[in-house]
Undergrad: 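Starting off with a structure, shown below.
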Amino acid sequence: MEKETVPLLEEIIRALDTTDIAIDQDIIREELVRLLEFKVPPDEAKRSLLKKYAASDIQQKKKIADIQGGERNIEIIARILNINLKIVNIRGEERPIFIGTMADETGTISFTSWDDFGINKGDILKITNCFVRIWQGMPQINFGPRSTVEQLNPETTDPLSNKELNNPTPLAEMKTGTSFAHTIFRIVEIKQQNINTKNGPKTIINGIGADSSAKLPFTSWIINPELIINNTIEIKNAHVRSWQGLPTINIDEFTTIHRSKTVLSADDIEEVLDPAPVKLNCIINRDGAFDVIVEGSIISIRPGSGLIKRCPECSRVISKNLCRVHGSVEGIDDLRIKSILDDGTGVLTIVLDSNLTQKVIDYSIEKAITIASTAMTPSVLEDEIKSKLLGRIMRLRGNMTRGEYGITLVATDAQLIEIDTITEACTLIQEMQYPILQGEDL
Amino acid sequence: MASQYTREVSYRIFAQEFRDSNLSFKDSNDQYSPQYLLTPTGAKINRMFIVATLTEKEDIGTDAEYWRARVVDPTGVFLIYAGQFQPEAARVIAEVESPQYLAIVGKPSTYQTEDGTILTSVRPENIHVVDAATRDRWVVETAQCTIERINNIDSNHPDAVRAKEHYHPDVSIYRKMAQDALKDLNSA
């Protein structure tokens with residue numbers, strides 16, 4: 001027994017030696033022997049001791065772009081882009097936490113602070129002993145009582161200050177998590193909104209910007225005279241966050257806004273405002289696509305389509321009038337379709353709400369309820385939807401998002417389209433005529 | 001971000017081109033990585049969408065039901081095999097009377113005979129009865145997709161390059177096939 005432990009112990013001590021941690025060899029030996037006595041395999045025992053004595057003390061400096069999720073004990077230097085107070089209920093106890101976004105020169109990330117460190121928006125902070133959790137599919141920095149938060153001098157250490165700005169990025173290429181976005185767009189929609197923040201009520205500006213490549217929503221946390229409809233503006237140092245699954249450009253006090261020298265006219269963005277159908281392979285690699293039109297065949301209807309019941313409190317889909325949050329409730333009838341749309345170049349999940357479902361299957365919800373109660377089962381609607389839609393070609397308009405459940409387009413409009421097959425066929429034959437003759441000549 | 005599963009696209013392929021296909025492979029050695037079939041015009045397919053006419057069906061199973069169906073498009077025949085692992089599809093085949101228009105989403109599969117010939121067939125994921133208009137639309141769409149692939153056969157897209165290397169296809173045959181399929185619509 002003792003013979004086997006010695007080399008293993010040496011290995012462990014050697015590994016710990018490199019970390020400048022004061023260790024007591026006797027304690028480690030004792031614990032190692034004990035683990036082995038409990039029939040823990042040697043490798044596992046070594047791992048567990050290394051973790052216990054080393055990992056918890058090694059700080060790893062990380063840049064935001066390198067964070068993947070699951071890291072522990074990292075140190076990060078970043079600027080706080082925004083921070084909000086949130087009261088959460090933890091085991092029956094109300095506790096304030098702070099959530100927000102931080103950025104360094106490599107990217108942005110959202111964070112949760114489980115303690116009040118007196119952090120303010122715009123602070124440059126060195127935060128130690130953070131851990132990273134995956135929250136709603138994205139990594140998120142967490143820190144709390146065991147972390148230290150140190151204010152750095154913004155003049156000398158701002159991680160974003162000497163970031164070189166590249167050429168403006170087209171809106172279609174905006175990636176969620178970019179912390180220093182530089183882009184030019186024309187404002188096609190804009191409105192003010194009053195919200196409640198940590199520091200009381202605030203007016204923000206929501207809008208939609210367009211260039212010749214795409215449309216994207218933006219949010220401005222500041223008021224700026226250039227932010228008016230039909231202005232073409234050039235913004236630098238904005239950050240791109242995912243909002244409801246779509247990349248959204250965030251403008252704050254660190255963002256510079258100028259009226260752009262190159263003006264995008266209404267003609268320049270016409271195609272984007274009144275979009276033609278796009279092939280799915282053009283958009284499914286993006287982080288999200290705002291207000292696009294797609295066409296494809298309905299190749300599968302997913303379970304959960306048809307007549308469903310929702311909780312009156314939270315709108316969750318429920319079964320047997322039992323909401324998983326609100327318990328026994330009187331469900332509200334609703335119709336929806338979840339289906340797979342495939343155009344031969346790409347594939348995505350589409351979701352149609354009650355109105356659009358009624359439109360495409362040509363049923364009122366009342367009729368659907370009657371049919372379901374006559375057949376004594378709501379699933380009869382799912383079969384009805386299948387027989388009406390499968391194999392048909394549908395055109396949809398809506399926002400495409402990339403989330404936990406894959407790529408989804410929530411439709412704002414949908415219709416089955418009829419193709420005049422004879423005309424289409426003739427056009428295609430005519431287009432082909434020339435190359436075929438050429439081929440035969442050879 | 002965690003690597004995300006993406007659903008395989010369903011390709012539109014005419015029966016003639018599907019029958020001519022014999023190059024089946026995986027992109028990696030991982031047992032879960034998808035099996036692909038490369039067609040002569042360079043479609044790398046793991047899933048396909050067919051709308052065609054059921055002409056014959058036969059239960060060839062010994063113990064459990066195992067259906068073989070012949071499904072015909074303007075260019076040839078697809079063989080569809082559905083057994084206990086495709087319960088929904090098998091049920092549809094069992095219930096429909098031929099001839100009938102069917103929309104089929106399925107996976108290509110290949111079988112090598114003793115003399116080395118590779119036969120292709122389709123393992124359906126789901127099958128539904130559709131109308132004649134839907135079938136005609138499929139023919140147009142499939143012709144479009146086929147022509148597009150033919151037009152790109154000389155590009156440097158890896159699938160096109162590989163298809164050319166393996167099949168040395170005479171694409172005028174497939175161009176003619178697509179054209180005949182379209183003409184067929186007009187004469188009907």
Side-chain angles (χ1 to χ4, degrees), chain A residues 67-70 134 137-139 176-177 279-281 284-285 287 295-301 340 342-349 383 386-387 389-393 402-407 416-433 435-436 438-440 442, chain B residues 1-2 4-13 43 45 47-51 88 101-106 125-151 170-173 175-176 178-188:
Chain A
I67 287 173
Q68 296 181 329
I134 299 287
M138 299 285 278
T176 300
K279 290 283 183 202
L280 293 181
N281 59 352
I284 53 177
N285 294 320
D287 267 358
E295 267 177 28
S297 298
I298 305 288
I299 62 165
S300 170
I301 304 286
I340 306 285
D342 187 317
D343 72 350
T345 72
V347 52
L348 46 73
T349 305
D383 297 336
K386 282 184 177 165
S387 72
L389 299 187
L390 276 171
R392 303 288 302 275
I393 297 179
R402 180 185 287 277
E404 303 175 61
Y405 305 111
I407 301 165
L416 288 170
I417 55 171
E418 300 294 338
I419 294 179
D420 182 348
T421 42
I422 302 289
T423 321
E424 283 275 325
C426 289
T427 323
L428 272 173
I429 290 172
Q430 267 159 20
E431 279 172 16
M432 288 170 65
Q433 216 64 278
I436 278 205
Q438 208 179 31
E440 281 164 2
L442 293 170
Chain B
M1 225 172 138
Q4 206 176 28
Y5 160 79
T6 46
R7 187 185 157 100
E8 293 282 343
V9 174
S10 14
Y11 281 87
R12 278 66 160 167
I13 308 285
I45 62 179
R47 177 177 278 132
M48 52 202 295
F49 176 57
I50 304 165
V51 185
E88 282 182 50
Y101 293 117
L102 297 180
I104 300 162
V105 178
E125 293 174 315
N126 57 56
I127 301 185
H128 293 277
V129 175
V130 294
D131 58 9
T134 306
R135 179 266 185 193
D136 288 354
R137 281 193 295 268
W138 180 83
V139 172
V140 173
E141 209 190 336
T142 306
Q144 254 167 351
C145 294
T146 306
I147 295 163
E148 216 161 281
R149 288 196 301 272
I150 293 170
N151 291 342
D170 177 0
V171 290
S172 69
I173 293 174
R175 212 188 284 272
K176 178 106 178 18
Q179 197 181 29
D180 288 346
L182 291 168
K183 280 183 180 158
D184 193 50
L185 285 180
N186 289 357
S187 58

Undergrad: Residues two or more places apart in sequence or in another chain: which of them pass side chain to side chain donor-acceptor pair (under 3.5 Å) with T423(A)?
TA: D420(A)
Undergrad: Return the CG to CG distance between L390(A) and L102(B), rounded to the nearest 0.5 Å.
TA: 12.0 Å
Undergrad: Who are the salt bridge (Lys or Arg N to Asp or Glu O under 4.0 Å) partners of D343(A), not counting sequence neighbours?
TA: none
Undergrad: Considering all heavy atoms of both residues, which atom of F49(B) and which atom of G391(A) are nearest to each other, and what is their separation?
TA: CZ-CA, 3.9 Å
Undergrad: Quick check on S387(A) against chain B: is it the side chain, the backbone, both or neither that has a heavy atom closer than 4.5 Å?
TA: neither
Undergrad: Among E125(B), M48(B), E148(B), Q144(B), which residue forms the greatest number of heavy-atom pairs with chain A at distances under 4.5 Å?
TA: Q144(B)
Undergrad: Pull out the residues in residues 131-141 of chain B that come under 4.5 Å of chain A, heavy atom to heavy atom, sorted by number.
TA: T134(B), D136(B), R137(B), V140(B), E141(B)
Undergrad: Please classify the contact between I301(A) and chain B as side chain, backbone, both or neither, with a heavy-atom cut-off of under 4.5 Å.
TA: neither
Undergrad: Name the region of I284(A), side chain, backbone, both or neither, that has any atom closer than 4.5 Å to a heavy atom of chain B.
TA: neither
Undergrad: S10(B) and V347(A): side chain to side chain contact (heavy atoms under 4.5 Å, CB included), yes or no, with the steps?
TA: CA-CA 8 Å; S10(B) 14; V347(A) 52; 6.0 Å; no
Undergrad: What closest approach, in Å, do L428(A) and A143(B) show between heavy atoms, and which atom pair accounts for it?
TA: CD1-CB, 4.5 Å
Undergrad: Looking only at heavy atoms, what is the nearest atom pair of R12(B) and G344(A), with distance?
TA: NH1-N, 3.1 Å
Undergrad: Could you have a look at T345(A), I299(A), I419(A) and say which one has the most heavy-atom pairs with chain B under 4.5 angstrom?
TA: I299(A)
Undergrad: D383(A): which residues meet the side chain to side chain donor-acceptor pair (under 3.5 Å) condition with it, sequence neighbours left out?
TA: none
